[in-house]
Enquirer: 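Here's a structure for you.
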Amino acid sequence: MAESPVRSGKPRGNLPPLEFHVPEPRYRPGDTVDYSHLVIPEAGTVTRPDEACDARDTWPLTTDLIRVLDDAGYALGPWNPHLDPETLRRILRMMALTRAFDDRMYRGQRQGKTSFYMKSTGEEAISVACAFALAEDDMVFPSYRQQGILISRGYPLVEMINQIYSNRADRLKGRQLPIMYSAKDYGFFTISGNLATQFPQAVGWAMASAIKGDTRIATSFIGEGSSAEGDFHAAMTFAAVYNAPVVLNVVNNQWAISSFSGFAGAERTTFAARAAGYGIAGLRVDGNDALAVYAAMEWAANRARANKGPTLIEHFTYRAEGHSTSDDPSAYRSAREAEEWPLGDPITRLKNHLVALGEWSDEQHAGMDKALAEDVRAATKEAEKNGILGHGLHHPFHTMFEDVFEELPWHLREQAEQAIRERRTKWPEWKE
Ligand SMILES: Cc1ncc(C[n+]2csc(CCOP(=O)(O)OP(=O)(O)O)c2C)c(N)n1
Ligand SMILES: [Mg+2]
């Protein structure tokens with residue numbers, strides 16, 4: 001062997017063997033759950049810096065937790081957005097509608113009306129309060145768990161259900177997985193199954209908005225698991241370099257299907273703390289507190305609008321139900337986790353706040369839930385007139401090759417012809 005210039009001649013000695021670390025969740029099925037390791041500050045105790053502050057000044061806010069609503073239902077501290085009761089009731093209503101919609105669609109999947117559904121139970125405050133804090137024409141690049149934004153922006157439930165059923169009236173002609181909506185006219189970018197792609201897209205859109213001298217900002221949402229993708233880091237770099245008018249949200253609901261947040265780095269630091277490494281402002285917020293979420297998004301949106309740059313917000317929450325209808329969380333996590341989640345249920349917390357203000361009652365709440373369930377039922381019946389899964393092909397077969405290229409390239413034309421030929425041969429009874 002050739003002489004190595006770096007050979008030090010140092011003996012290896014009694015070095016301890018290197019250890020490989022594999023994160024392990026604290027609780028498995030059947031385990032009792034103890035959340036005493038979580039540091040949860042009292043509501044109202046976290047300071048609120050100026051929206052135009054130096055990004056560095058937000059460092060303490062990336063490891064703390066912004067909370068406004070206390071256990072008795074009162075709104076406290078400098079992050080209290082001081083919303084009027086009518087706005088609070090509208091936020092509560094949209095959160096309750098999102099939950100009612102999720103429950104009905106989940107049942108629809110179990111009844112075979114669609115192949116797939118994803119609920120956002122326990123995370124409604126994040127999508128709904130963010131929608132209220134943004135301007136209606138700000139551009140949203142969502143993940144699959146922000147249906148609350150589409151609902152808050154008034155997108156028709158019937159259109160959502162048509163997409164979920166992939167039926168005749170589905171605007172996407174059955175070519176997207178159920179729940180992967182696309183609503184350009186509502187500032188809601190097409191949901192992609194390829195996790196994390198929406199993050200750099202949002203930053204690019206925000207950069208373009210700035211280049212054009214527009215006033216609209218962009219926002220994007222990603223799960224904490226997806227933040228381990230390279231796209232997260234590319235987005236953060238571009239956002240920092242070009243001071244893009246964008247608000248980047250990490251929804252930390254503790255789980256990525258059956259992988260716990262430790263596999264995305266949660267054992268080492270908070271997700272919000274990553275902002276510091278890029279020179280971006282960061283906030284960590286109680287995601288089950290609609291007022292705290294509203295205040296954080298409002299802070300970050302104002303900052304972006306004033307050309308003070310991007311913000312990374314971590315919404316600390318818990319995925320109260322399965323990942324999707326294809327998942328069974330009882331196989332990998334303790335049922336006690338959701339029951340004992342110390343930040344409570346976001347709808348109950350906002351409801352208690354309105355009750356504490358004397359602006360709402362249990363009777364009004366029950367009445368609202370009943371009316372919302374009826375609205376969702378009526379929308380479902382309406383959409384079912386356009387067909388459900390399993391009632392044959394709802395769109396002409398050849399539409400699956402259309403609308404991507406302005407003119408179908410020769411190789412896709414050949415594939416389309418071959419597919420149609422095979423189909424006619426194998427199932428001559430089927431209509432085009
Ligand atoms: C690039 C990519 N990798 C893996 C998957 C499979 N997958 C779909 S959802 C998911 C978990 C994502 O978890 P998280 O980002 O925490 O979001 P959550 O579902 O908790 O909202 C995975 C691994 C995918 N769709 N795309
Ligand atoms: Mg997650």
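Small disclaimer: the values here were computed from a predicted structure and weren't measured. Numbers for residues simply follow the sequence, beginning at 1. Every number for a ligand or one of its atoms is a count from 1 in the order of the listing.
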Enquirer: Got the closest protein heavy atom to atom 11 (C) of ligand 1, with its distance?
Expert: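 Answer for atom 11 (C) of ligand 1: I257 CG1, 3.6 Å.
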
Enquirer: Whether R349 and D286 form a salt bridge (side-chain N of Lys/Arg under 4.0 Å from carboxylate O of Asp/Glu) is what I want to check.
Expert: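 A salt bridge is present here (some side-chain N lies under 4.0 Å from a carboxylate O).
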
Enquirer: Atom 1 (C) of ligand 1: which protein heavy atom is closest, and how many Å away?
Expert: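 Answer for atom 1 (C) of ligand 1: E229 OE2, 3.4 Å.
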
Enquirer: Identify whether the distance between the nearest side-chain nitrogen and carboxylate oxygen of R333 and E337 falls below 4.0 Å.
Expert: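 So R333 does not pair with E337 through a salt bridge.
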
Enquirer: Closer than 2.8 Å to the Mg ion (ligand 2), how many protein N/O/S atoms do you count?
Expert: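 Under the 2.8 Å cut-off, the count stands at 3.
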
Enquirer: Going by atom type alone, with no hydrogens or angles, which donor-acceptor pairs under 3.5 Å involve a side-chain atom of residues 237-246 and a protein atom two or more places apart or on another chain?
Expert:
unit_1	atom_1	unit_2	atom_2	d
T237	OG1	H233	O	2.9
N243	ND2	N307	O	3.2

Enquirer: Should K119 and E321 count as an ion pair when the cut-off is N to O under 4.0 Å?
Expert: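 The answer is yes: the pair qualifies as a salt bridge.
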
Enquirer: Nearest protein heavy atom to atom 19 (O) of ligand 1, by residue and atom, and its distance?
Expert: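 For atom 19 (O) of ligand 1, the nearest protein heavy atom comes out as Y144 OH, 2.6 Å.
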
Enquirer: Out of A196, S261, G193, S326, whose heavy atom sits nearest atom 25 (N) of ligand 1?
Expert: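 Among A196, S261, G193, S326, the closest heavy atom to atom 25 (N) of ligand 1 belongs to G193.
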
Enquirer: H365 vs I347, test: side-chain contact (heavy atoms from CB on, under 4.5 Å). Steps then yes/no.
Expert: CA-CA 10 Å; H365 197 85; I347 295 181; 4.1 Å; yes

Enquirer: Is the number of heavy atoms from other residues, nucleotides or ligands within 6.0 Å of CZ (R305) greater than 12?
Expert: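 Yes, enclosed.
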
Enquirer: Who's the nearest protein heavy-atom neighbour of atom 21 (O) of ligand 1, and how far?
Expert: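 Protein heavy atom with the smallest distance to atom 21 (O) of ligand 1: R145 NE, 2.9 Å.
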
Enquirer: Taking CG in D71 as the centre, count heavy atoms belonging to other residues, nucleotides or ligands within less than 6.0 Å. Is the count above 12?
Expert: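 Counting neighbours around CG of D71, 12 or fewer heavy atoms of other residues, nucleotides or ligands fall under 6.0 Å, so no.
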
Enquirer: If you measure every N/O of H323 against every N/O of ligand 1, is any gap under 3.5 Å?
Expert: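 Min N/O separation from ligand 1 is below 3.5 Å for H323.
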
Enquirer: Hey, are E42 and R67 close enough for a salt bridge, meaning a charged N less than 4.0 Å from a carboxylate O?
Expert: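 Salt bridge flag = no for R67 with E42.
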
Enquirer: In sequence, state the C-alpha distance, the side-chain angles, and the governing distance for Y332 and W255, and then conclude on side-chain contact (heavy atoms from CB on, under 4.5 Å).
Expert: CA-CA 11 Å; Y332 56 80; W255 289 92; 3.7 Å; yes

Enquirer: Who gets closest to atom 26 (N) of ligand 1 by heavy atom: T317, V251, N253, L195?
Expert: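 Looking at heavy atoms only, L195 sits closest to atom 26 (N) of ligand 1.
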
Enquirer: Can you list the atoms of ligand 1 that are under 4.0 Å from a heavy atom of A256?
Expert: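 Per the distance check, 11 (C), 12 (C), 13 (O), 14 (P), 16 (O).
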
Enquirer: For the aromatic rings, using the six-membered ring if either is Trp, is the centroid distance between Y106 and Y117 under 6.0 Å?
Expert: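 Ring-ring flag for Y106/Y117: false, centres at least 6.0 Å apart.
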
Enquirer: Identify, for atom 15 (O) of ligand 1, the protein heavy atom at the shortest distance, and state residue, atom and that distance.
Expert: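 Checked against all protein heavy atoms, atom 15 (O) of ligand 1 sits closest to S226 OG, 2.5 Å.
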
